[in-house]
Amino acid sequence: MDSLLRQDVRIPVPSRYGPTHIDGYLFLPTVAPSAVLTIHPATATPERFYFSFAEAAAARGFAVLTYGFRGVGDRSAARAHRHIRMRDWISEDMAAAGAWAEERFPDLAHSAVGHSVGGHALLLGYGGERLSGIVTIATAMVTARKIAPRSERFRVEVGLGVFGRVATRVLGYMPGSRVGLGEDLPAAALYEWTNWLRRPHFFFDDPSFDAEARASRLRTPVLALGTSDDPWATEAFIDALTDRLRLAPVTRRTIAPAELGTEAIGHLGLMRRSVAEAFWPEILDWLETRAAADNR
């Protein structure tokens, strides 16, 4: 961080519940940035988890925005935002972060990395109006009943879908920090997430959510990354999602643990410095290429 600057930012969020905000950080190189990168987080994953990747991107010349979703954190935050649904993160928080970055840096090329649900928002066109490239990390069309192995399917269908919903109803929030899920979550987000997981085609089967139409309109080039040992975002699940992109050019890449000299990567590992730092230049090279093409 010696050669980087980190600034606190507060991003206004126009919301159906009334004006609000999300907090984040802006990582800046000490020289003028050459492009902008916004990192959209995964469910129940704290903003600080992405700091190492943000620092690496800023060292390459990107201005990098990180942030956290409303209601994700401790139980007080989750209870205060109990009404926030997963679709509100997608259409309000993520859209606001992308719009803020574009307004702050109107003359630079913009790109985005979306991890899991963060990637869902990008593929549905919520990450900004002028993205030159999108990288999705472990973003897939997950169907709970097709998750393997059986132990993980049981954890999702019973642990999350049954006991998780019961605990949420009793406590008024999802106690993710107590059950190994990550951070605590708003009740409405947990209910909607588990509802989507029960459907054969995730949110594409939700008639109240226009996912199919939005995905089919995306034109931004996409680099869709997954790992061979991720039970949530398998190759088949990722392909099922990217197949919905009718107009966007898609590059698919699956990374095996042996490629990174490690025993496991899983759903989170591509964003961990200790696991995947050697792979990050491939991501940043792709983003730089897209930004350069956009600047011509």
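Just so it is clear, the structure is predicted and the values come from calculations on it, not from any experiment. Just so you know, residue 1 is the first one in the sequence shown, and it goes up from there.
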Exercise answer: donor-acceptor pairs, residues 159-170 side-chain atoms, under 3.5 Å, sequence neighbours excluded:
residue : atom : partner : partner atom : Å
R165    : NH1  : Y191    : O            : 3.1
R165    : NH1  : T194    : OG1          : 2.6
T168    : OG1  : G164    : O            : 2.7

Exercise. Any chain of hydrophobic side-chain contacts (each under 4.5 Å) joining Y173 to F69?
Worked result: no
For this session: Compare all side-chain heavy atoms of F49 with those of L268 and state whether any distance is below 4.5 angstrom.
Result: yes
Exercise. Within the side chain of R290, is there an N or O that forms a donor-acceptor pair under 3.5 Å with the backbone of G133?
Worked result: no
Exercise. Side-chain contact, heavy-atom cut-off 4.5 Å: I39 with V64?
Worked result: yes
Problem set entry | Sidechain N-carboxylate O distance under 4.0 Å for E92, R87 | no
Seminar exercise, completed: Smallest heavy-atom separation, W232 atom then E152 atom, equals NE1-OE2, 2.7 Å
For this session: Check whether more than 12 heavy atoms from other residues, nucleotides or ligands sit under 6.0 Å from atom CZ of R273, and answer yes or no.
Result: yes
For this session: List the atom of T143, the atom of F237, and the distance in Å for their closest heavy-atom pair.
Result: O-CZ, 3.9 Å
Exercise. Can you check whether Y126 and H40 have ring centres sitting under 6.0 Å from each other?
Worked result: no
Seminar exercise, completed: Heavy atoms of K146 and R153 approach each other most closely as N-CD, 4.3 Å
Problem set entry | D243 side, atom CG; I238 side, atom CD1 - distance, nearest 0.5 Å | 11.5 Å
Problem set entry | Test log, rule salt bridge (charged side-chain N to carboxylate O under 4.0 Å, His left out), inputs E212 and R246 | CA-CA 10 Å; E212 188 78 47; R246 310 300 186 196; 3.7 Å; yes
Problem set entry | Name of the residue among L65, D23, T20 meeting side chain to side chain contact (heavy atoms under 4.5 Å, CB included) with I11 | L65
Exercise. How about Y17 and D88: does a side-chain donor come under 3.5 Å of a side-chain acceptor?
Worked result: yes
Problem set entry | Which atom of F62 lies closest to which atom of P33, heavy atoms considered | C-CB, 4.3 Å
Problem set entry | cation_pi(R48, Y25) dist<6.0 Å, angle<=45 | no
Seminar exercise, completed: To the nearest 0.5 Å, atom CG of D93 lies from atom CE of M86 at 11.5 Å
For this session: Test salt bridge (charged side-chain N to carboxylate O under 4.0 Å, His left out) on R60 and D285 and set out the steps.
Result: CA-CA 9 Å; R60 290 277 292 259; D285 287 347; 2.5 Å; yes
Exercise. Is atom CZ of R150 surrounded by more than 12 heavy atoms (other residues, nucleotides or ligands) closer than 6.0 Å?
Worked result: no
Exercise. Going by an N to O cut-off under 4.0 Å, is there a salt bridge joining D184 and R79?
Worked result: no
Problem set entry | Nearest-0.5 Å distance, OG of residue S15 to CD1 of residue I22 | 11.0 Å
Exercise. So which heavy atom on R252 is nearest to which on G226, and how close?
Worked result: NH1-N, 4.3 Å
Exercise. Do the side chains of R16 and R85 get nearer than 4.5 Å, heavy atoms only?
Worked result: yes
Exercise. Would you call W89 and P41 a side-chain contact if the rule is heavy atoms closer than 4.5 Å?
Worked result: no
Seminar exercise, completed: Distance col, row R199:CZ vs F204:CZ, nearest 0.5 angstrom, shows 13.0 Å
For this session: Say whether H81 and R70, considering side chains only, have a donor N or O and an acceptor N or O under 3.5 Å apart.
Result: no
Exercise. Can L270 and I265 be said to form a side chain to side chain contact (heavy atoms under 4.5 Å, CB included), step by step?
Worked result: CA-CA 7 Å; L270 286 181; I265 305 174; 4.1 Å; yes
Exercise. Is there a path of hydrophobic side-chain contacts, each under 4.5 Å between heavy atoms of I, L, V, M, F, W or Y residues, that connects V9 with L28?
Worked result: yes
For this session: Decide yes or no for D206 and W196: does some side-chain heavy atom of the first lie under 4.5 Å from some side-chain heavy atom of the second?
Result: yes
Exercise. Out of curiosity, L123 CG to S216 OG, how far, rounded to the nearest 0.5 Å?
Worked result: 12.5 Å
For this session: Check whether any side-chain heavy atom of E263 lies under 4.5 Å from a side-chain heavy atom of P257, and answer yes or no.
Result: no
For this session: Please assess L26 against L5 for the test side chain to side chain contact (heavy atoms under 4.5 Å, CB included), listing each intermediate value before the final yes or no.
Result: CA-CA 8 Å; L26 183 64; L5 303 173; over 6 Å; no
Exercise. Between T136 and L223, does a side chain to side chain contact (heavy atoms under 4.5 Å, CB included) hold up when you go through it step by step?
Worked result: CA-CA 6 Å; T136 62; L223 174 61; over 6 Å; no
For this session: Could you tell me which non-hydrogen atom of V250 sits nearest to which non-hydrogen atom of A224, and how far apart they are?
Result: CG1-CB, 4.5 Å
For this session: Starting at OG1 of T289, measure out to CG of D294 and round the result to the nearest 0.5 Å.
Result: 12.5 Å
Problem set entry | Flag side-chain contact, heavy atom, 4.5 Å: L241 against F202 | no
Exercise. Between R198 and E157, does a salt bridge (charged side-chain N to carboxylate O under 4.0 Å, His left out) hold up when you go through it step by step?
Worked result: CA-CA 8 Å; R198 291 171 175 172; E157 292 186 318; over 6 Å; no
For residues 109-122, dump all side-chain donor-acceptor pairs below 3.5 Å to protein atoms at least two apart in sequence or in another chain.
residue : atom : partner : partner atom : Å
H110    : NE2  : F105    : O            : 2.8
S111    : OG   : V36     : O            : 3.3
H115    : ND1  : Y50     : OH           : 2.7
H115    : NE2  : H267    : O            : 2.9
S116    : OG   : H267    : NE2          : 3.2
H120    : NE2  : A140    : O            : 2.7

Exercise. Between R6 and F51, does a side chain to side chain contact (heavy atoms under 4.5 Å, CB included) hold up when you go through it step by step?
Worked result: CA-CA 10 Å; R6 191 176 80 181; F51 285 176; 3.4 Å; yes
For this session: Take W100 and Y67 through the test ring pair (Phe, Tyr, Trp, His ring centres under 6.0 Å) and record every step on the way to the result.
Result: CA-CA 11 Å; W100 184 92; Y67 68 96; over 10 Å; no
Exercise. Is any side-chain heavy atom of P200 closer than 4.5 Å to a side-chain heavy atom of D205?
Worked result: yes
